[in-house]
Q: 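Starting off with a structure, shown below.
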Amino acid sequence: MTPGETLRGGPRRWFYDPKIRALAAQILTVLAIALFAGWIVHNTVHNLTMRGITSGFGFLGNSAGFGILQTLIDYRETDSFARVFVIGLLNTLLVAALGIVFATVLGFLVGIGRLAENALIRGLSALYVETFRNIPPLLQIFFWYFAVLRAMPSPRQSHELLGAFFLNIRGLYVPRPIPAEGFVPALLALGIALAAALTLRHWARRRQERTGEPFPTGRVALLLLIALPLAARLIFGAPFTWELPQLQGFNFRGGWVLLPELVALTLALSLYTAAFIAETVRAGIQSVPHGQIEAAIALRLTPRQRLRLIVLPQAMRVIIPPLTSQYLNLTKNSSLGAAIGYPDLVGLFAGTVLNQTGQAIETIAMTMAVYLLISLTISLMMNWYNRRMALVER
Amino acid sequence: MKKKTLVATLVAACSLCAPAWAGQTLDTVLKRGVLHCGVSDGLPGFSYTDATGNYAGIDADFCRAVAAALFGDAKKVKFTPLTAKERFTALQSGEIDVLSRNSTWTISRDVGMGMSFTGVTYYDGQGFLVNKKLGVKSVRELNGATVCIQAGTTTEMNLSDYFRTNGMNYTPVTYEKSDESAKALESGRCDVLTSDQSQLYAQRIKFANPDDYVVLPEVISKEPLGPVVRQGDSEWFNVVRWTLFALVAAEEYGITSSNVDQMAKTSTNPEVRRLLGLDTDFGKDMKLKKDWAYQIVKQVGNYGEVFERNVGKGSPLKIERGLNAQWNKGGLQYAPPFR
């Protein structure tokens, strides 16, 4: 390079501008992706037409024509495939909701148990985590379904409790409550009690903040919730009559039945996921600096108060994000129910309906979209909760 | 400029990249040298792996017959076991060339799913298998029963139709595999197993105590089971369809695997001579060798031999010929003339 010649020689061309270049590169990438997606869609549609396969979502209006084991809403075989879709979705949500509740309760108990001072509790908790975390969930489902619930007796030799509860290979039959004359008053009483309890809690908190004087909110609220509906019952009569399951012909009729498919799936998923949640909880608790606990001891808080007021609120910040992942895992794992004949979305819609209609692309796309939607909803809810629980620096 | 050219090339290439496949299955299979055949995931008599690890059964033998016609070698088959749920997608997507998996021929499958049924290898009907302990003698007594079914089958629909029209209730328990539904019956999860009758007999011999179970007398549906190919490929359709007719015709003319060589030498019957390709070469029009039908009979046998060996007297199932006898013996098996 001779002196006098500079790098800025000549007018700058627009295509040497790094900003424009970066923009152009991004536009081209987006275009390439769009083209690729367009090609896939075009190719699929083209091939479907070539092979004479009907496409589109028109089939959803057709009559399904087959029976379903468990339906949370009314269903007849003449109903449409769209209704079958809703039934499958509800069955999936049922298992997911039950599983999340049980797994959370159990997971927190075991997680706290792993840090207990009592060596037996600590050991048992560790044993639980290591056992259930390290066996594949499908195998656990098979264990509960084939090894445990298939060993139940036939309907005629059912295990019986009080002449109202029956356990056999077809499921657990329990009495079904039917609203009676006292139902509305009982419901009202419960509502009033609930409102009163909430008001009480609000008042107690404000008083404690003002004066420092604690109030036994929990015990009083519990008393309210029991006493008011009980009073309503005494005045207006029983809120329910009970329909008992009875052996008629081949099966029990009447009452509610918990199907072995549902029980096995819920059990397996809850126990499996609880092991992971327990580890998350343990990690969360251990992340709270020890100084916090020492400070709490110095303030003469009881061990329960320490856990409830000092440790858990701070641990939650660490616990919630991985907890969300566990909830999502549980929801997605519920599709394993297809392996034991539980009529969830995958088994029912992406299985039976797919086969009866041959509309593979539509049914699979719908099923995937639903799982995505459920997962995103759970994720959003947990993110909201996480923001609420996040440490507010003062 | 270069980028523009690239994009233009991509776009141009894409107009060609939808694979033109119609009418090409036969060429593809002949070139590949192996037939990809979809069979069931374990159904005695139709397709299951025997003690030596080979596929046996009517459906498996049909695959072999197609391979014998194509390559003159019945062994050139790659079997793909499929569940009821997987079978049609596997065919539609081209994973297999022909589906020979006890599938019922129905209008919705034939016209709306891009598939064509090539004929009927087995005329079946839906039946019911119950434990003798229940003391049930007829399907009409099954009101309120729990019924085990295989998911995604015509059986599911027939069951619902039958119970509904007769004003009866039932609880369906649906499994993906036929073995699972059979085990569910054995364990008592359900009162009755419903499926094609041939399958009920086949499943029953797998039970620990087969004699405790009985097939009820009623047959509630028509289940013509047959091989399926993709729609719109008539060349391939012809090969598969006429393989089946060759099997049936061979039985009608009395040609068996043991006498076919002798027949080829001495027979003066014009029908036999045409079938075996001695006078007329039908194979050429199907892109096959002249002796395609000879190879089928020589290596696999005729329809009657296949039937007896797999589900009939020569098998543990001991199913009567019934509807599957030749048309001139009171059955429905009927091959159009080889002329």
Side-chain angles (χ1 to χ4, degrees), chain A residues 24 28 31-32 35-36 38-39 42-48 50-54 59 64-70 76-78 146 149-155 168-170 248-251 253 257 259-261 338-341 343 347-348 350-360 364, chain B residues 3 7 10-11 14 17-22 84-89 92-93 108-109 111-116 133-134 136 141-149 151-154 156-157 159-161 163-164 170-176 180-181 183-184 187-192 230-232:
Chain A
L28 276 175
L31 247 150
L35 265 176
F36 182 64
W39 169 60
H42 171 258
N43 202 6
T44 310
V45 172
H46 178 79
N47 280 335
L48 285 178
M50 291 278 292
R51 298 188 182 192
I53 300 172
T54 324
F59 71 96
F66 54 83
I68 301 173
L69 180 59
Q70 175 186 292
R76 257 178 258 145
E77 283 105 330
T78 42
F146 290 114
L149 296 175
R150 274 282 165 87
M152 294 296 149
S154 73
N168 59 49
I169 192 166
R170 309 272 164 86
Q248 267 176 21
F250 297 99
N251 287 314
R253 302 228 181 129
V257 57
L259 295 167
E261 287 79 17
I340 53 166
L348 192 63
T352 307
V353 172
L354 190 162
N355 208 266
Q356 300 293 10
T357 61
Q359 312 261 12
I364 296 287
Chain B
K3 270 177 187 160
V7 172
L10 262 175
V11 172
C14 270
C17 48
W21 65 276
K85 262 171 67 177
E86 297 160 346
R87 55 186 165 176
F88 299 130
T89 319
Q92 287 168 340
S93 65
S108 60
R109 289 173 177 177
V111 303
M113 289 165 69
M115 313 185 298
S116 296
K133 266 194 304 193
L134 286 182
V136 172
E141 298 165 30
L142 287 177
N143 190 15
T146 305
V147 186
C148 280
I149 335 164
T153 53
T154 46
E156 244 181 316
M157 313 283 224
L159 176 76
S160 151
D161 286 354
F163 273 69
R164 202 165 63 238
Y170 71 101
T171 310
V173 186
T174 324
Y175 296 95
E176 239 177 76
E180 286 168 2
S181 15
K183 278 200 201 93
S187 70
R189 175 68 184 90
C190 40
D191 300 302
V192 49
R230 282 180 293 274
Q231 187 176 302

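The analysis underlying the following values was restricted to heavy atoms, covering all of them including side chains, and did not include hydrogens, waters or symmetry mates. Letters A, B, ... mirror the listed sequences (proteins, then strands); counts begin at 1.
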Q: Could you tell me which portion of B:E156 (side chain, backbone, both or neither) has an atom closer than 4.5 angstrom to a non-hydrogen atom of chain A?
A: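 Both parts, heavy atoms under 4.5 Å.
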Q: Between B:A151, B:S181, B:A84, which has the largest tally of heavy atom pairs under 4.5 Å with chain A?
A: B:A84
Q: Return yes if some donor-acceptor pair links the side-chain N/O of B:Q92 with the main-chain N/O of B:M113 below 3.5 Å, else return no.
A: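 Yes, B:Q92 side chain to B:M113 backbone: donor-acceptor pair under 3.5 Å.
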Q: Output the option from A:A64, A:G65, A:P260 having the highest count of non-hydrogen pairs under 4.5 Å with chain B.
A: A:G65
Q: Under the rule for side chain to side chain contact (heavy atoms under 4.5 Å, CB included), what residues qualify as partners of B:L134, not counting sequence neighbours?
A: A:R156, A:F250, B:V136, B:D191
Q: Indicate the ring-plane relationship of A:F36 and A:W39, choosing parallel, tilted or perpendicular according to the 30° and 60° boundaries.
A: tilted
Q: Using non-hydrogen atoms only, which part of A:I68 is less than 4.5 Å away from chain B: side chain, backbone, both, or neither?
A: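 Just the backbone, heavy atoms under 4.5 Å.
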Q: With only heavy atoms counted, which part of B:Y170 is less than 4.5 Å from chain A, the side chain, the backbone, both or neither?
A: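 For B:Y170, the contact with chain A is made by the side chain alone.
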Q: Return the option, out of B:T153, B:V173, B:I149, with the maximum number of heavy-atom pairs under 4.5 Å with chain A.
A: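 The answer is B:T153.
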Q: Give a yes or no on whether a salt bridge exists between B:R189 and B:E180, defined as a side-chain N under 4.0 angstrom from a carboxylate O.
A: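 Result for this pair is no, no salt bridge flagged.
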Q: Nearest 0.5 Å, what's the CZ-OG distance between A:F59 and B:S108?
A: 13.5 Å
Q: Could you pull out the closest heavy-atom pair between A:P155 and A:I169, with the gap in Å?
A: CD-CG2, 4.4 Å
Q: Using a cut-off of under 4.5 Å for heavy-atom pairs, which of A:E77, A:R170, A:R76 has the most such pairs with chain B?
A: A:R170
Q: Could you tell me which portion of A:Q70 (side chain, backbone, both or neither) has an atom closer than 4.5 angstrom to a non-hydrogen atom of chain B?
A: neither
Q: Determine the option with the most heavy-atom pairs under 4.5 angstrom with chain B, choosing from A:T357, A:L354, A:T44.
A: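 The option with the most such pairs is A:T357.
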Q: For chain A, which candidate among B:R164, B:K183, B:E176 shows the most heavy-atom pairs at distances under 4.5 Å?
A: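 The residue among B:R164, B:K183, B:E176 with the greatest pair count is B:R164.
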Q: Is A:L149 in contact with chain B via its backbone, its side chain, both, or neither, using a 4.5 Å heavy-atom distance?
A: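 Neither the backbone nor the side chain of A:L149 comes within 4.5 Å of chain B.
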Q: Select one option (side chain, backbone, both, neither) describing which atoms of A:A339 are under 4.5 Å from chain B's heavy atoms.
A: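 Interface part for A:A339: backbone (N, CA, C, O).
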Q: So, do B:L159 and A:F66 sit near enough that their side-chain heavy atoms are less than 4.5 Å apart?
A: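 No, side chains not in contact.
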Q: What pairs with B:T146 under side chain to side chain donor-acceptor pair (under 3.5 Å), at least two apart in sequence or on another chain?
A: A:N251
